[in-house]
Protein chains: 2
Amino acid sequence: MATKSKPAVVHNLPLNQILDGDCIERMNALPAGSVDLIFADPPYNLQLKGDLHRPDNSKVDAVDDHWDQFSSFAAYDKFTREWLAAAKRLLKPNGAIWVIGSYHNIFRVGSALQDQGYWMLNDVVWRKSNPMPNFRGKRLTNAHETLIWASRDEDSKYTFNYEALKELNDGVQMRSDWVLPICTGHERLKDENGDKAHPTQKPESLLHRVLIATTNPGDVVLDPFFGTGTTGAVAKMLGRDFIGIEREEAYRKVAEERISRVRRFDASALEITGSKRAEPRVPFGQVVERGMLRPGEELYSVGSRYSAKVRADGTLVGHEVKGSIHQVGAAYEGAPSCNGWTYWHFKRDGKMIPIDILRQQIRAEMEADLGRPH
Amino acid sequence: MATKSKPAVVHNLPLNQILDGDCIERMNALPAGSVDLIFADPPYNLQLKGDLHRPDNSKVDAVDDHWDQFSSFAAYDKFTREWLAAAKRLLKPNGAIWVIGSYHNIFRVGSALQDQGYWMLNDVVWRKSNPMPNFRGKRLTNAHETLIWASRDEDSKYTFNYEALKELNDGVQMRSDWVLPICTGHERLKDENGDKAHPTQKPESLLHRVLIATTNPGDVVLDPFFGTGTTGAVAKMLGRDFIGIEREEAYRKVAEERISRVRRFDASALEITGSKRAEPRVPFGQVVERGMLRPGEELYSVGSRYSAKVRADGTLVGHEVKGSIHQVGAAYEGAPSCNGWTYWHFKRDGKMIPIDILRQQIRAEMEADLGRPH
DNA sequence: ATAGGTTATGAATCTCGAT
DNA sequence: TATCGAGATTCATAACCTA
C-alpha cells in the first residue's frame with residue numbers, strides 16, 4: 001500500500017496508492033464526487049470449454065483465473081451494476097469513465113452504463129496490430145477489443161483534449177478506431193518464474209491515449225481493477241494522480257515495484273509518434289467486394305495470351321487452374337511467382353487496363369480518409 | 001411485392017419478395033425453422049437533440065425519422081427482444097444472425113441476443129474509410145459501426161466459409177475489423193427529389209462479405225428491416241434467395257425497382273474456394289489395399305527422426321507403439337493429436353515423399369470415377 | 001558484430017461424424 | 001446423448017540461436 005510519489009491531502013484521498021480488497025467496498029469507502037476519471041478493465045467472463053492447441057500442437061495459455069469465473073449472465077450483471085454504481089458515486093459531476101471489454105462482456109457493461117444514466121460519448125475500437133489468430137479456422141480472427149467512454153451524466157462538461165489528439169494523429173481528427181500493438185516484449189511483466197505476471201496486461205500506449213484524451217495534469221484517475229498497474233504507471237508518467245484497487249496480493253506487489261521505477265515526464269517530453277507507414281496492403285478481394293470488378297468478369301494477361309474469370313471470393317479460375325491473381329498468373333507463366341496486380345488486365349471500352357489501377361483507387365481513398373491512427 | 005426471380009416452393013416461403021407490414025407479425029406468420037441467415041439493420045434509437053450544423057452552418061441531414069423514435073430504453077428493449085425472438089423461431093437449427101448497430105443501440109441488442117440463447121461468434125467492426133467528421137470537436141470521429149454475428153444456439157453447426165474469406169483477404173485469415181467505404185456515389189439511391197432515398201443505406205460491399213462468409217448459394221436470407229434492399233440486391237447477385245420485410249411503402253418501391261435491375265452472377269463465378277474438411281475421407285488402409293504402399297514398408301517423420309512400419313491392415317508399428325498413422329505420430333511427438341497424412345513420408349529414389357500425395361491420387365481417381373472432370 | 005533462421009506466444013466462448 | 005478417433009488448423013512480433 002505504498003508507491004507514494006506525492007502527499008495525499010486533497011479530499012483525504014489515498015493518492016498514488018494501491019488499495020487492497022474488494023473494489024466495490026473500497027470505492028464506497030472513498031468520498032463521493034472526488035475522482036476525475038475512472039479507467040476499468042473488469043473481468044471479461046470468458047466461457048472457455050476445453051483446451052486449445054495451436055496447429056503446431058503447443059497449448060494456448062488461456063485465461064482461466066478464478067477472478068474471471070461467473071456462474072451466469074445474471075451473476076455477471078449483478079457484479080457489473082454494483083461496481084458501476086459505486087464508480088458513479090465516486091465521480092465528480094464532470095467526471096467520466098472508460099471501460100474495456102470483448103464481445104463476452106461489453107454488451108452487458110454498455111447496457112448497464114446506459115441504464116444507470118451514464119452518457120455514452122464514444123465506443124472506441126482497439127484494433128490490435130498483432131492479435132492471436134483463430135487456430136481452428138471456425139471464426140474470424142478476434143482482432144479487436146471495445147472501449148466505452150461515457151460521462152457521469154448527460155450534462156457533464158467532460159474533458160476532451162481535441163487538439164492534442166489531433167496532433168497525435170498527424171493533424172487530423174482522431175477516429176474511434178485505434179491501431180495499437182498488444183503488450184509484449186520488455187513491457188510485458190514477468191513473475192519470478194519468468195511467466196507472465198498477469199494474463200491480460202494492457203499496453204501503455206492505450207492508457208497513454210486515454211489519459212491524454214480525457215484528463216489534464218493533476219487529475220485524479222481511479223482504476224478499480226488495477227492488475228499490474230498500467231493505469232498507474234502511465235498516470236505517473238503523465239503527471240496525473242492515481243488510485244488503484246486490486247484484491248490479488250501478487251498483482252499489487254508487481255504493480256508497486258513497476259510504478260516505483262517510472263519517471264514522470266518533463267512537460268516538454270511528450271512522446272512523438274511519427275512512424276512512416278508502408279503502403280497499405282490491398283487484398284484483391286476488395287476490388288470485387290466494392291464492385292470494381294464483377295464476379296464472372298474476364299481478366300487477360302498482356303497480349304491477351306491467357307485469360308481467367310473472377311470469382312466472388314476474389315480468386316480466379318482459368319484453364320485448369322484456380323487461386324489468387326498471383327497464383328494463376330504464376331501457373332500460366334510456369335513461373336515460381338507472379339505479381340498479379342501488374343499481370344492481369346480488364347477490358348473497358350475495348351481497352352485493356354491493368355487491375356493495378358483499381359488498387360491505386362482504393363489506396364487513394366484510404367489516404368484521403370481522415371485519421372491514420374498510429 | 002414482386003421481384004421474383006424463382007418460384008417460391010420450398011416450405012411455401014415467399015422467396016425473393018418484399019413483404020409489407022410489421023416485421024414481428026410477418027416473421028411470426030412464416031414457418032418456423034425455415035431460414036438459413038438473418039441480416040438485420042434495426043432502428044438505432046439515436047438520441048439526437050436539436051439540429052446539427054456544420055462549421056459552414058449547413059444543416060446535417062440527420063436520422064430523425066419517426067421509425068427511429070423510442071420513448072425509453074425500456075421501449076427499445078421490448079421492441080428488440082420481440083423481433084429477436086421472432087427471428088430465432090424462424091431460423092433453422094444451424095442458422096445464424098447478423099445485426100448491425102452503433103453505440104446507441106448495439107449494447108441493448110447484444111445483451112438481448114445473449115439473454116435469448118443466441119451464441120455469439122464474433123463482433124465485427126465495420127471501419128468506415130470515409131466517415132462523417134465530428135463537427136464540434138467534442139468527441140472522437142465516429143468512424144465505425146459494430147456487427148454481431150451469432151448462431152441460433154450454442155451447438156449450431158453454423159456456416160463459415162473460412163477459405164473463401166482468407167482468399168478475400170490476400171491469403172491471411174480474415175480479421176474482425178473490416179475496412180469498407182460508406183455507401184456513396186451511384187450506389188446511393190435517390191428519390192424523385194434527388195435526396196437520398198434512405199438515411200442509412202448500407203454498402204453492398206458489406207453485404208457481399210457477410211453473405212460470402214456465412215451463406216452458400218441457394219440459402220434463404222431474411223432481412224426484417226429491408227429498407228432499400230441492399231440485402232436483397234446482393235443476395236440476388238450471389239445466387240442466394242431472400243425475403244425482405246419493410247413497412248414503409250416508399251422504401252419497398254425503391255427496393256423492388258433496384259433489385260429488378262440486378263443480374264445474378266453465373267454459377268461458375270459463385271463457386272468459392274472450398275474447405276479441406278469437405279473433401280471425401282480416405283482411410284489409410286486404402287493406400288495399402290491399392291498397393292501404393294506395401295505392408296512392411298517403412299515410413300519416416302520429417303528429418304527421419306522417427307520411423308514406423310506399415311502393416312497389412314493399414315496400421316503402423318513403431319518403437320513400442322502401434323495404431324493408426326495419427327496415433328503413432330501423436331505418440332512419438334507426445335502431442336495430443338497429429339495429422340498422420342502430413343506427418344509421415346515414404347522413400348522413393350532416395351527422396352522423402354509425404355503420404356498425403358497418395359491420398360490425393362486416390363481422391364483424384366474418385367472424382368474421375370464420378371465423371372466430374374475437375 | 002551481423003544477418004538470417006528458429007522458437008515462443010498472445011483476453012479464445014475454436015471440429016465433426018460415426019457409433 | 002455421450003464417446004471415440006480422424007484429421008484440420010496460425011499471424012505478428014520478439015527472443016533466442018547459429019553461421
Side-chain angles (χ1 to χ4, degrees), chain A residues 41-65 67-70 73 76 100-106 126 128-146 179 181-188 190 194-196 198-203 225 227, chain B residues 94 114 118-123 149-151 154-158 160 162-163 166 169-176 275-285 314 323-330 335-344 355-356 359:
Chain A
D41 182 10
Y44 284 11
N45 190 25
L46 298 187
Q47 291 143 56
L48 305 177
K49 300 266 153 50
D51 290 342
L52 178 65
H53 292 88
R54 299 186 181 80
D56 66 3
N57 272 321
S58 62
K59 188 171 165 228
V60 174
D61 185 15
V63 178
D64 54 1
D65 305 75
W67 46 255
D68 198 45
Q69 309 297 323
F70 293 83
F73 281 129
Y76 187 80
I100 183 168
S102 67
Y103 66 85
H104 309 85
N105 71 323
I106 198 66
W126 168 26
K128 303 179 184 183
S129 55
N130 49 349
M132 186 162 69
N134 183 292
F135 295 117
R136 311 312 290 266
K138 297 303 293 180
R139 302 184 177 193
L140 299 161
T141 305
N142 208 341
H144 74 275
E145 293 186 25
T146 302
V179 180
I182 62 175
C183 182
T184 59
H186 287 113
E187 192 185 322
R188 189 83 196 215
K190 302 292 191 325
D195 299 324
K196 56 191 176 193
H198 192 285
T200 70
Q201 188 184 338
K202 296 293 174 289
F225 307 98
Chain B
N94 294 331
Q114 291 177 317
Y118 285 96
W119 191 246
M120 238 170 243
L121 299 168
N122 279 115
D123 59 335
W149 173 38
S151 58
E154 182 174 347
D155 58 357
S156 297
K157 300 196 188 316
Y158 55 91
F160 180 53
Y162 174 76
E163 291 79 11
K166 194 169 171 180
N169 196 35
D170 250 13
V172 292
Q173 56 179 213
M174 186 69 80
R175 300 167 39 116
S176 57
S275 164
K276 283 189 192 163
R277 290 181 224 265
E279 301 250 23
R281 183 161 297 216
V282 177
F284 178 69
S324 72
I325 52 172
H326 316 292
Q327 288 167 335
V328 176
S337 71
C338 170
N339 184 343
W341 290 106
T342 51
Y343 183 79
W344 293 108
I355 61 173
D356 202 40
R359 181 169 65 162

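All figures in this text were calculated on a predicted structure; none of them were measured in a lab. In what follows, chains are A, B, ... by sequence order, proteins preceding strands, each numbered from 1.
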For [X] and [N], what is the distance between atoms [atom1] and [atom2] respectively, to the nearest whole Å?
{"X": "A/Arg136", "N": "C/dT15", "atom1": "CZ", "atom2": "P", "result": "5 Å"}
{"X": "A/Glu187", "N": "D/dA15", "atom1": "CD", "atom2": "C1'", "result": "16 Å"}
{"X": "B/Asn169", "N": "D/dT10", "atom1": "CG", "atom2": "C1'", "result": "14 Å"}
{"X": "B/Met120", "N": "C/dA11", "atom1": "CE", "atom2": "P", "result": "21 Å"}
{"X": "A/Ile100", "N": "C/dA11", "atom1": "CD1", "atom2": "P", "result": "10 Å"}
{"X": "A/Leu46", "N": "C/dC14", "atom1": "CG", "atom2": "P", "result": "10 Å"}
{"X": "A/Ile182", "N": "C/dA12", "atom1": "CD1", "atom2": "C1'", "result": "13 Å"}
{"X": "B/Trp341", "N": "D/dT9", "atom1": "CH2", "atom2": "P", "result": "15 Å"}

Is a donor-acceptor contact shorter than 3.5 angstrom present between the side chain of [X] and the base of [N]?
{"X": "B/Arg277", "N": "C/dG17", "answer": "no"}
{"X": "B/Thr342", "N": "D/dA8", "answer": "no"}
{"X": "A/Lys202", "N": "C/dA11", "answer": "yes"}

Take A/Ser129 and B/Pro336, find for each the nucleotide of DNA chain D with the closest heavy atom, and name the residue whose nucleotide sits nearer the 5' end.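 Mapping each residue to its closest nucleotide by heavy atoms, the 5'-most match is B/Pro336.
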
Can you work out whether B/Lys166 or B/Gly340 has the more 5'-proximal nearest nucleotide on DNA chain D?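 Its nucleotide being nearer the 5' end, the pick is B/Gly340.
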
5'-most by nearest nucleotide on DNA chain C - A/Gln47 or A/Pro131: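 The residue whose closest nucleotide sits nearer the 5' end is A/Pro131.
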
5'-most contact on DNA chain C (nearest-nucleotide basis), A/Asp61 vs B/Tyr118, goes to A/Asp61

So does [X] get a side-chain nitrogen or oxygen closer than 4.0 Å to the phosphate oxygens (OP1/OP2) of [N]?
{"X": "A/His53", "N": "C/dC14", "result": "no"}
{"X": "A/Lys138", "N": "C/dC16", "result": "yes"}
{"X": "A/Asn134", "N": "D/dT10", "result": "no"}
{"X": "A/Lys59", "N": "C/dT9", "result": "no"}
{"X": "B/Tyr162", "N": "D/dT10", "result": "yes"}
{"X": "A/Arg188", "N": "C/dA11", "result": "yes"}
{"X": "B/Lys276", "N": "D/dG7", "result": "no"}
{"X": "B/His326", "N": "D/dG7", "result": "yes"}
{"X": "A/Ser102", "N": "C/dA11", "result": "no"}

Determine whether the side chains of [X] and [Y] contain a donor N or O and an acceptor N or O closer than 3.5 Å.
{"X": "A/Arg188", "Y": "A/Thr184", "answer": "no"}
{"X": "A/His104", "Y": "A/Ser102", "answer": "yes"}
{"X": "B/Tyr118", "Y": "B/Glu154", "answer": "no"}
{"X": "B/Asn94", "Y": "B/Tyr158", "answer": "no"}

Exceeds 12 heavy-atom contacts within 6.0 angstrom, atom NZ of A/Lys190: yes

Taking the [atom1] atom of each, how far is [N] from [M], in whole Å?
{"N": "D/dT9", "M": "C/dA12", "atom1": "C1'", "answer": "14 Å"}
{"N": "C/dA11", "M": "D/dA8", "atom1": "P", "answer": "30 Å"}
{"N": "C/dT9", "M": "D/dT10", "atom1": "C1'", "answer": "11 Å"}

Let's test this: given Watson-Crick or G-U wobble pairing with both distances under 3.5 Å, identify the partner of [N].
{"N": "C/dC16", "answer": "D/dG5"}
{"N": "C/dG4", "answer": "D/dC17"}
{"N": "C/dT9", "answer": "D/dA12"}

Dump the intermediate steps for side chain to side chain contact (heavy atoms under 4.5 Å, CB included) on A/Phe135 and A/His53, then the final yes or no. CA-CA 8 Å; A/Phe135 295 117; A/His53 292 88; over 6 Å; no

Rounded at 0.5 Å granularity, tell me how far CZ in A/Arg139 sits from OH in B/Tyr162. 14.0 Å

Let's see if you can work this out: which of C/dA12, C/dT9, D/dA15 has an atom nearest to the side-chain heavy atoms of A/Asp56?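 Selected nucleotide (nearest to the side chain): C/dT9.
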
Which nucleotide wins on minimum distance to the side chain of A/Val60, given the candidates C/dG10, D/dG5, C/dA12?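 So the nucleotide nearest the side chain must be C/dA12.
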
With a 4.0 Å cut-off on heavy atoms, is B/Lys157 in touch with a base, just the backbone sugar-phosphate, or nothing at all?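 Since only primed, P, OP1 and OP2 atoms lie under 4.0 Å of B/Lys157, the category is sugar-phosphate.
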
